[in-house]
Amino acid sequence: MSLGYDRVRFLAPVFIGDTVTLTYTIAEVDPQKGQSLADIGVVNQDGVLVAVARHILRWVKNTEGGETLENKFINMFDQ
């Protein structure tokens, strides 16, 4: 579940017809809190960084009986 975005900054203008590309990088994982932080960067077609942000994600239990997102993250780092 998204807890929102922090440090959102618009660094350069984006115009109609521009092509933007977003990168989403997991920066921190905290199994005790059950959340992760991700850095977001947006560049335009010229490679100019036009926006940045940090995404705060809280893990929730899967109510359908499958593996929880928290367990997937923990298992990924235990290998």
Side-chain angles (χ1 to χ4, degrees):
M1 172 175 68
S2 177
L3 295 181
Y5 296 86
D6 192 18
R7 298 187 217 154
V8 177
R9 302 290 180 268
F10 298 98
L11 307 172
V14 175
F15 302 99
I16 293 174
D18 281 357
T19 299
V20 295
T21 304
L22 181 136
T23 58
Y24 189 94
T25 306
I26 302 293
E28 297 177 34
V29 175
D30 188 339
Q32 275 69 30
K33 286 186 178 179
Q35 73 178 27
S36 58
L37 302 174
D39 292 325
I40 298 170
V42 183
V43 296
N44 68 9
Q45 68 277 1
D46 299 320
V48 175
L49 188 64
V50 297
V52 294
R54 177 155 274 203
H55 185 214
I56 305 165
L57 183 69
R58 175 68 45 91
W59 309 338
V60 296
K61 293 191 185 270
N62 184 347
T63 59
E64 297 178 11
E67 185 177 24
T68 66
L69 183 58
E70 178 181 3
N71 287 339
K72 286 181 183 180
F73 270 115
I74 291 169
N75 291 338
M76 184 172 69
F77 289 104
D78 284 342
Q79 296 179 2

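Position 1 is the first residue of the sequence, and the numbers go up from there.
- Applying the side-chain contact (heavy atoms from CB on, under 4.5 Å) criterion to L11, with sequence neighbours excluded, gives R9, L49, V52.
- Taking every heavy atom of both residues into account, F10 and A51 meet most closely at CD2-CB, 4.1 Å.
- Without hydrogens or angle criteria, T25 side chain to A27 main chain gives no donor-acceptor distance under 3.5 Å.
- Among residue pairs with one or both ends in residues 39-50, those qualifying as side-chain hydrogen bond (donor to acceptor under 3.5 Å, both in side chains) are D18-Q45, D39-R54; sequence neighbours excluded.
- In this structure, the ring-ring contact (aromatic ring centres under 6.0 Å, His included) partners of Y5, at least two apart in sequence or on a different chain, are H55.
- Annotation: ring pair (Phe, Tyr, Trp, His ring centres under 6.0 Å) contacts involving residues 29-50, sequence neighbours excluded, are absent.
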Side chain to side chain contact (heavy atoms under 4.5 Å, CB included) evaluation trace for L22 with I40: CA-CA 7 Å; L22 181 136; I40 298 170; 3.6 Å; yes
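- Hydrophobic cluster membership of I16, counting Ile, Leu, Val, Met, Phe, Trp and Tyr whose side-chain heavy atoms lie under 4.5 Å apart directly or via other members: none, as it forms a cluster of its own.
- In this structure, Q35 and L57 have side chains that are not in contact, with every pair of non-hydrogen atoms separated by 4.5 Å or more.
- With contacts defined as side-chain heavy-atom distances shorter than 4.5 Å, the pair W59/V29 qualifies.
- When hydrophobic residues (I, L, V, M, F, W, Y) are linked wherever their side-chain heavy atoms come within less than 4.5 Å, F15 remains an isolated member.
- You'll find the side chain of D6 reaches within 4.5 Å of the side chain of I56, heavy atoms only.
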